[in-house]
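Single-structure report; data block below.
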Amino acid sequence: GKDIYKVTIGKAEALIHQSDSLLTSFSNFEIQEHFGDWISVMQQGKSGVLYLNGNTFLPPVYDSIRFVKDVFMVKYKKEGKRGWSLVNNHGKVITDQVYDEIDWLGDSYYKAKRDNLWGVVNRLGKEIIFCKYDSIVEYVEGKLLVKFLGEDGILNLDGNWEILPQNKEIEVVDPMRYLIRSPYGS
């Protein structure tokens, strides 16, 4: 944040407030990033998250951690498979699946890739659109431009087709208007 600064003295690191008050100090963690009430840290090559007072929020057992829209995206190994899951702001893993990739899509939704196919997970960790699409190209106010079997189509967040997949390029103008171009012109 703008009011918090990382300082390093020897091998120790600390977070201080702009008023020069010490928030927390660490001798065995490398401070990575500050977001909200948390800081991500690295310890022996693994990522974790601490509260600003230095207490552990997520232990440093993850390969990588990202924070987007009040949800942590964590990469780790589960049941022999390395991948991504979502963790809520209470420290609970909320996705049943481990995904190959997870990225913020918009609003409270995340696109998730499993077995080379994409779907959508909500901020509660529920897979609301099953991973069966070639790609999710764009999200605009509850509508998804997807590629399905190589063709463009528009889905709503219930997983129903607004525009069936077709061998034409679709462009989302706004949530209610689309431009469909055939290979021979618009």
Can you pull out every salt bridge (Lys or Arg N to Asp or Glu O under 4.0 Å) where at least one residue sits in [range]? Sequence neighbours excluded, please.
range: residues 114-126; answer: Arg114-Glu127
range: residues 38-63; answer: Lys46-Asp63, Asp63-Arg82
range: residues 132-145; answer: Lys143-Glu162

Same apolar cluster: [X] and [Y], side chain cutoff 4.5 Å:
X: Val61; Y: Leu58; result: yes
X: Val146; Y: Val173; result: no
X: Ile170; Y: Phe148; result: no
X: Leu105; Y: Trp118; result: yes
X: Tyr51; Y: Val74; result: yes

Can you sort out the partners of [X] under side chain to side chain donor-acceptor pair (under 3.5 Å), two or more places apart, ordered by chain and number?
X: Asn122; answer: none
X: Lys81; answer: none
X: Lys113; answer: none

To the nearest 0.5 Å, what is the distance between [atom1] on [X] and [atom2] on [Y]?
X: Asp103; Y: Arg66; atom1: CG; atom2: CZ; result: 5.5 Å
X: Ile180; Y: Ile154; atom1: CD1; atom2: CD1; result: 8.0 Å
X: Gln43; Y: Gln32; atom1: CD; atom2: CD; result: 12.0 Å

In chain order, what residues pass the side-chain contact (heavy atoms from CB on, under 4.5 Å) check against [X], with sequence neighbours excluded?
X: Leu157; answer: Tyr109, Ile128, Tyr139, Leu144
X: Asp158; answer: Asn156, Asn160
X: Trp104; answer: Val68, Lys69, Tyr110
X: Asp37; answer: none

>> If you apply the rule side-chain contact (heavy atoms from CB on, under 4.5 Å), what do you find for Lys92 with Val87, and how did you get there?
In response: CA-CA 5 Å; Lys92 181 179 185 276; Val87 174; 5.7 Å; no

The complete set of ring-ring contact (aromatic ring centres under 6.0 Å, His included) pairs with one or both residues in residues 63-92, sequence neighbours excluded, reads Phe35-Phe67, Phe35-Phe72, Trp38-Phe67, Trp38-Phe72, Phe57-Phe72, Tyr62-Tyr76, Phe67-Phe72

Review point. What do the steps show when you test Val49 against Ile65 for side-chain contact (heavy atoms from CB on, under 4.5 Å), and what is the final call?
Key: CA-CA 8 Å; Val49 176; Ile65 295 178; 3.7 Å; yes

Exercise for review: Please confirm whether the backbone N or O of Leu164 pairs with a side-chain atom of Gln166, one donor and one acceptor, at under 3.5 Å?
Suggested key: yes

Do any N or O atoms from the side chain of Ser85 and from the backbone of Thr95 form a donor-acceptor pair under 3.5 angstrom?
no

Heavy-atom nearest pair, Ser64 first then Ser47, reads CA-OG, 4.0 Å

What one should report as the nearest heavy-atom pair of Cys131 and Ala112 is SG-O, 3.5 Å

query: Just wondering, do Asp152 and Lys147 contact through their side chains at under 4.5 Å, heavy atoms?
result: yes

Note: with side-chain heavy atoms under 4.5 Å as the link, the other cluster members for Met176 come out as none

Kindly determine whether Val121 and Tyr99 satisfy side-chain contact (heavy atoms from CB on, under 4.5 Å), including the steps that lead there. CA-CA 10 Å; Val121 176; Tyr99 296 96; 3.6 Å; yes

